[in-house]
Number of protein chains: 2
Amino acid sequence: MSGKKSPNGSRSDQEGTTEARRAPMREFSRSLPMSLLRAREAVMRQFRPSLRNHGLTEQQWRILRALTAVDTIEVTELARVAFLLGPSLSRILRDLEARDLIERRTAKADLRRGEVSISSKGLKLIEAVAPTSEAIYAEITHRFGARKLAELQDMLGELERSLAAMEVAGEGEAEADE
Amino acid sequence: MSGKKSPNGSRSDQEGTTEARRAPMREFSRSLPMSLLRAREAVMRQFRPSLRNHGLTEQQWRILRALTAVDTIEVTELARVAFLLGPSLSRILRDLEARDLIERRTAKADLRRGEVSISSKGLKLIEAVAPTSEAIYAEITHRFGARKLAELQDMLGELERSLAAMEVAGEGEAEADE
DNA sequence: GAAATTTGTTTAACATGTTAAGTTATTCGA
DNA sequence: TCGAATAACTTAACATGTTAAACAAATTTC
């Protein structure tokens with residue numbers, strides 16, 4: 001029966017069980033990391049089903065998308081563009097290569113470097129997914145408002161730049177503990 | 001060393017007017033999901049070292065933080081508040097319980113439900129981490145601007161609400177393809 | 001009131017995030 | 001030129017994200 005519905009949408013009085021909240025900081029659900037996480041999840045929730053129908057994860061899609069913009073690209077550069085850590089990228093590339101969605105070779109000038117490019121099969125896949133993705137993106141833009149969307153992206157970029165200079169704090173805080 | 005820089009360095013191309021319809025979509029580095037991802041990562045990068053020094057991951061911290069706001073809470077509610085999926089929460093609770101940072105019992109009214117609360121050891125840990133976390137948050141607020149931060153959070157919340165009604169599209173799109 | 005269904009939670013399986021360590025290739029310095 | 005740094009990945013190990021399935025307790029049906 002579950003008399004109390006717990007929809008993620010309503011924000012009337014959740015945050016607890018009407019019990020006594022003791023500690024401060026209970027705004028936590030409004031913290032910046034949580035806001036960003038929820039917003040991103042709300043967006044990605046729209047795309048995941050379509051990607052999944054094509055056998056792609058979000059990260060795999062990011063990689064293929066990035067590859068369509070270039071002829072070939074080095075692994076490190078690809079990691080930067082697709083915003084993936086090296087180890088993640090390494091695993092995903094192994095998988096994408098096994099599925100013949102990408103092609104790899106080693107640079108002759110520097111045998112350490114790997115060069116990646118999308119295959120024709122990968123391109124076909126992109127072309128199959130792109131229409132739906134763009135339609136979803138257009139719908140999101142429409143619902144939220146193109147102007148507001150641009151404004152939001154500006155603010156996000158500014159936030160990034162604000163924190164870029166902020167060298168990670170708390171480094172030598174409790175090193176002696178362990 | 002390759003003389004040419006990243007292929008996505010130029011960002012002053014067309015945006016709203018040209019409306020690329022068959023090109024590899026837009027810059028992709030400017031896509032909303034990527035913007036949100038990078039912004040969130042920029043924020044979390046500030047917190048992770050401190051949390052790590054205390055043996056906590058971001059998600060573990062979210063759970064303990066949420067628990068400080070209530071006396072006890074049911075697992076499902078906790079998942080909603082801490083924005084974690086059931087399986088993730090289940091694993092983390094197992095770990096936190098083994099470390100005596102939380103306490104669990106089953107509700108007597110409904111034996112399916114589990115009730116969770118923070119332990120005194122968990123509270124101590126929170127109190128040890130909180131000062132640094134709050135200092136970092138304050139620094140972020142200062143750098144980005146308190147007013148802009150509030151505005152950003154408003155927009156993020158609005159984005160969430162805009163997409164809440166948008167039932168996931170692309171469900172039965174290419175099921176027969178593969 | 002037993003079977004079917006639903007609900008709350010956990011397990012399982014696979015993919016990615018994250019940090020550390022390992023490999024191989026390149027560069028640098030005495 | 002030889003060996004110690006460095007650089008570009010890749011592997012390893014552990015934690016979480018994500019979906020599906022399992023499970024047990026509660027609710028609904030007939």
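Lettering follows sequence order; numbering is per chain, from 1.
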**Student:** Looking only at the side chain of A:T76 (C-beta and beyond, no hydrogens), which of the listed nucleotides C:dA15, D:dA8, C:dT11 gets closest?
**Tutor:** D:dA8
**Student:** Base, sugar-phosphate or nothing for B:L84? Non-hydrogen atoms, less than 4.0 Å.
**Tutor:** sugar-phosphate
**Student:** What nucleic acid atoms does B:E41 come within less than 4.0 Å of, heavy atoms only: base, sugar-phosphate, or nothing?
**Tutor:** sugar-phosphate
**Student:** Quiz question: by atom type and distance under 3.5 Å, do the side chains of A:S35 and B:Q153 form a donor-acceptor pair?
**Tutor:** yes
**Student:** Using heavy atoms and a sub-4.0 Å distance, could you list which residues of residues 91-101 of chain B are near DNA chain C? By number, please.
**Tutor:** B:R91, B:R94
**Student:** Please walk me through it: do A:E160 and A:L156 pass side chain to side chain contact (heavy atoms under 4.5 Å, CB included)?
**Tutor:** CA-CA 6 Å; A:E160 256 190 273; A:L156 292 173; 5.9 Å; no
**Student:** In whole angstrom, give the distance that lies between atom CG of B:L51 and atom P of D:dT16.
**Tutor:** 12 Å
**Student:** Identify, with sequence neighbours excluded, every residue that meets side-chain contact (heavy atoms from CB on, under 4.5 Å) alongside A:E58.
**Tutor:** A:R40, A:M44, A:R48, A:R62
**Student:** Describe the nucleic acid contact of A:E58 in one word from base, sugar-phosphate, nothing, applying a heavy-atom distance below 4.0 Å.
**Tutor:** nothing
**Student:** Provide the closest heavy-atom pair for A:R105 versus A:S117 in the form atom of the first, atom of the second, distance.
**Tutor:** NH2-OG, 3.7 Å
**Student:** Looking at the side chain of B:L85, which of C:dA20, C:dA15, D:dG17 is the nearest nucleotide?
**Tutor:** D:dG17
**Student:** Which of these nucleotides, D:dC9, D:dG17, D:dA25, is closest to any side-chain atom of B:L111?
**Tutor:** D:dA25
**Student:** A:D110 or B:S90: which one's nearest nucleotide on DNA chain C is closer to the 5' end?
**Tutor:** B:S90
**Student:** DNA chain C: A:A109 or A:F83, which has the more 5' nearest nucleotide?
**Tutor:** A:F83
**Student:** Quick one: is B:R45 getting a side-chain N or O under 4.0 Å of the C:dG17 phosphate, OP1 or OP2?
**Tutor:** no
**Student:** Could you pull out all residues at least two apart from B:D110 that satisfy salt bridge (charged side-chain N to carboxylate O under 4.0 Å, His left out)?
**Tutor:** B:R112, B:R113
**Student:** Looking at A:L64 and A:L101, what are the two nearest heavy atoms and their distance?
**Tutor:** CD2-O, 4.1 Å
**Student:** Return whichever of A:G114 or B:P87 has its heavy-atom-nearest nucleotide of DNA chain D closer to the 5' end.
**Tutor:** A:G114
**Student:** Could you give the CZ-to-P distance, from B:R52 to D:dC14, as a whole number of Å?
**Tutor:** 13 Å
**Student:** Between C:dT16 atom P and A:W61 atom CH2, what is the distance in whole Å?
**Tutor:** 16 Å
**Student:** What's A:S88 touching, base or sugar-phosphate or nothing? Going by heavy atoms closer than 4.0 Å.
**Tutor:** base
**Student:** CE of B:M44 versus P of D:dG17: gap in Å, rounded?
**Tutor:** 12 Å
**Student:** Taking all non-hydrogen atoms of both residues, which atom of A:P33 and which atom of B:Y137 are closest, and how far apart?
**Tutor:** CD-CE1, 4.1 Å
**Student:** Just how far, in rounded Å, is C1' of D:dT11 from CG of A:L89?
**Tutor:** 14 Å
**Student:** Output the rounded distance in Å from CG (B:L78) to C1' (C:dG8).
**Tutor:** 14 Å
**Student:** Determine: side-chain N/O of A:Q59 to OP1/OP2 of D:dG17, distance under 4.0 Å, yes or no.
**Tutor:** no
**Student:** How many Å lie between CZ on A:R62 and P on C:dT16, as a whole number?
**Tutor:** 10 Å
**Student:** I want to verify a distance call: between C:dG17, D:dT16, C:dG8, whose nearest atom is closest to the B:R113 side chain?
**Tutor:** C:dG8
**Student:** Between B:E77 and B:I73, is a side chain to side chain contact (heavy atoms under 4.5 Å, CB included) present by the stated rule, with each step listed?
**Tutor:** CA-CA 7 Å; B:E77 253 299 280; B:I73 189 174; 3.6 Å; yes
**Student:** When you measure only distances, ignoring hydrogens and angles, does the side chain of B:R112 come within 3.5 Å of the base of C:dT7 through a donor and an acceptor?
**Tutor:** yes
